[in-house]
Amino acid sequence: MHFQKLPEDLLEIIFCNLPFIDITRFRLVCKHWNYILASLQSRHYSTLAQNEWVALIDDEKVSNRRFLDLYASSLDGFYKLDFSFLPPQFTVPVAASRGLLCVATPVSESETSTEDSGSEITNILCICNPLTKKYRILPSFRDLICSPVTFMIEDPESESHMFLIIAEGIQARYLPCNARWIRKGCELDRPRSPVMASDGVIYGIEDVGTIWHPIFRLSMFDMYDVCAGFWVPVRGNGWSGEITDILKEPRLAKGREGCLLLAAGLRSSPSLDSACETFVILELHLDTLDWYEAAKMPMEFFQHFDARGDFNIFGGIEGVFFSSKSLGPERLVFWDFSDAENESWSWLDIPFEGMNVISRAIPFEFCLNAVP
């Protein structure tokens, strides 16, 4: 049978496997294909754009994967987003905003400059729209000793984005008006799980204690405050900003509007070698700086974790994920707060093969008109 004479339902099944941008090209083949693909493309994009997605990332194998594994709790479904159209050195997704994805790669100084043959590490960021396959490479940033945490946010004075990178002892901001990095020392001591809550304000946890007695404190940084640019401890309402030491490995996550979540293992005592009894999620109301207990992991889920072992906690769009080697790479525990009247705990089974334990997540939204 000639390909043009295939039934429309069979053609739709075949076309459903095409990347979004390829559907646009195939619409030019003939009027019949354009008719089928126009409807398919509209439904496809509507499904993507009307739901909130989060990219689940395995950092141990991220350099071997040129795509994102996206999850939408509203659909309880997954979607694979390809970014292999980028130059091959860009392999590490680090941030996303308004339909744009920021991908990084560390390369040697000698690969990006001919001034000398030093061995310093240069970090290069690329911003792209995975739907349209358009991208732009930002100027390189030198002297990093590790992969930085990266944030991106829309610049109110232009149609582009500002970027902030945070690494051990280094902090730099990229402003579109200057088209260059502005570097300074990072006074946030050993930053942990920084998260952007709202209006360009980033919250992070710093360890102001010692190796033998860690003391965690909550601090904040305003990306829009170009003049200041300093981390400030969050204090108020009789609270010093310090986080109780019965919490193990506290991590921040974005909560509901005006709220910040802190999730951690709940120790049986302040002793560093004490076992965790469960995981607890606390909610901070940013207007009053009052803390409330949002949830505790039920024992039916916690019993599958090693109470003295390592674990990962990271936020999504409307929930918090928990992973560990004891669960294996194919499972996560998910706390969903999208329905305030029916917050729930559930297992999330990962359908993708060849992954290690998921270690972080990046919220992502689809926007066909987003321009890098």
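- Expressed to the nearest 0.5 Å, how far CG of Asp349 lies from CD of Glu330 amounts to 7.5 Å.
- A 6.0 Å sphere centred on NZ of Lys248 holds more than 12 heavy atoms belonging to other residues, nucleotides or ligands.
- Ile57 and Val320 fall into different hydrophobic clusters, defined by Ile, Leu, Val, Met, Phe, Trp and Tyr side-chain heavy atoms under 4.5 Å apart, directly or through other members.
- There is a path of hydrophobic side-chain contacts, each under 4.5 Å, that joins Val234 to Phe216.
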- Message: Could you go through Lys325 and Asp310, starting from their C-alpha distance and side-chain angles, then the distance that decides it, and tell me whether this counts as salt bridge (Lys or Arg N to Asp or Glu O under 4.0 Å)?
- Response: CA-CA 8 Å; Lys325 291 183 178 179; Asp310 295 330; over 6 Å; no
- Message: Using the rule given for side chain to side chain contact (heavy atoms under 4.5 Å, CB included), can you reason through Val280 versus Glu293, listing the C-alpha separation, both sets of side-chain angles and the distance that settles it, and then say yes or no?
- Response: CA-CA 8 Å; Val280 64; Glu293 182 180 303; 4.1 Å; yes
- side chain to side chain contact (heavy atoms under 4.5 Å, CB included) between Phe321 and Val54: does it pass, once the steps are laid out? CA-CA 11 Å; Phe321 298 91; Val54 59; 4.0 Å; yes
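- With values rounded to the nearest 0.5 angstrom, Ser359 atom OG is found 7.0 Å from Phe314 atom CZ.
- Side-chain contact between Leu262 and Leu247: present, with at least one pair of heavy atoms (C-beta onward) separated by less than 4.5 Å.
- Glu52 places none of its side-chain heavy atoms less than 4.5 Å from the side chain of Glu365.
- A chain of hydrophobic side-chain contacts below 4.5 Å, direct or via other Ile, Leu, Val, Met, Phe, Trp or Tyr residues, connects Ile205 to Ile246.
- For Phe322 and Phe301, the ring centers are positioned 6.0 Å apart or more.
- Applying the 4.5 Å side-chain rule to ILVMFWY residues, one finds that Tyr292 remains a lone member of its cluster.
- Of the inter-residue distances, the one linking Ile202 atom CD1 with Leu252 atom CG reads 11.5 Å to the nearest 0.5 angstrom.
- Heavy-atom minimum distance, Glu318 versus Phe334: O-CZ, 4.2 Å.
- The environment of CG in Asp290 is crowded: more than 12 heavy-atom neighbours from other residues, nucleotides or ligands sit within 6.0 Å.
- Side-chain atoms of Ser323 come within 3.5 Å of backbone atoms of Ile358 as a donor-acceptor pair (strictly under, hydrogens ignored).
- At a threshold of 4.5 Å between non-hydrogen side-chain atoms, the residues Ile153 and Phe151 do not count as touching.
- Between Phe279 and Phe302, the distance from one ring center to the other falls under 6.0 angstrom.
- For the pair Asn51 and Trp53, the minimum side-chain heavy-atom distance is below 4.5 Å.
- Residue Ser326 comes nearest to His304 through the heavy atom pair OG-O, 3.1 Å, listed as atom of the first residue, atom of the second, then distance.
- In the displayed structure, Arg256 atom CZ is contacted under 6.0 Å by more than 12 heavy atoms of other residues, nucleotides or ligands.
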- Taking it one step at a time, do Leu260 and Leu286 satisfy side chain to side chain contact (heavy atoms under 4.5 Å, CB included)? CA-CA 7 Å; Leu260 190 68; Leu286 297 174; 4.1 Å; yes
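- For the atom pair Tyr135 OH and Ile127 CD1, the distance stands at 14.0 Å (nearest 0.5 Å).
- Distance check: Leu56 CG to Ile362 CD1 gives 10.0 Å after rounding to the nearest 0.5 Å.
- Residues Asn312 and Ser324 are not in side-chain contact: their nearest non-hydrogen atoms beyond the backbone lie 4.5 Å or more apart.
- Put simply, CZ on Phe90 and OG on Ser84 are 14.0 Å apart, with the number rounded to the nearest 0.5 Å.
- Between Arg98 and Cys367, the closest heavy-atom pair is O-CB, 3.9 Å.
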- Take Glu206 and Ser219, measure what side chain to side chain donor-acceptor pair (under 3.5 Å) needs, and give me the verdict at the end. CA-CA 7 Å; Glu206 58 177 327; Ser219 297; 2.7 Å; yes
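- Phe85 is listed as a side-chain neighbour of Cys128, based on a closest heavy-atom distance under 4.5 Å.
- Taking both residues in full, the closest heavy atoms of Thr150 and Cys102 are given as CG2-SG, 4.3 Å, listed atom of the first, atom of the second, then distance.
- Hydrophobic cluster membership differs between Leu282 and Ile313, with clusters built from Ile, Leu, Val, Met, Phe, Trp and Tyr side chains linked at under 4.5 angstrom.
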- Task: Might you work through the side chain to side chain contact (heavy atoms under 4.5 Å, CB included) test for Leu86 and Val103, ending with a clear yes or no?
- Result: CA-CA 9 Å; Leu86 296 179; Val103 186; 3.8 Å; yes
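- Taking all atoms of both residues into account, the shortest heavy-atom contact from Thr278 to Met297 is OG1-O, 2.8 Å.
- Here the closest heavy-atom approach between residue Glu300 and residue Gln303 is recorded as O-NE2, 3.4 Å.
- Side-chain contact between Leu332 and Tyr71: absent, with no pair of heavy atoms (C-beta onward) separated by less than 4.5 Å.
- Criterion: ILVMFWY side-chain heavy atoms under 4.5 Å apart, direct or through other members. Under it, Ile350 and Trp347 are not part of a common hydrophobic cluster.
- Using a 4.5 Å cut-off on side-chain heavy atoms (C-beta onward), Leu218 and Tyr203 make contact.
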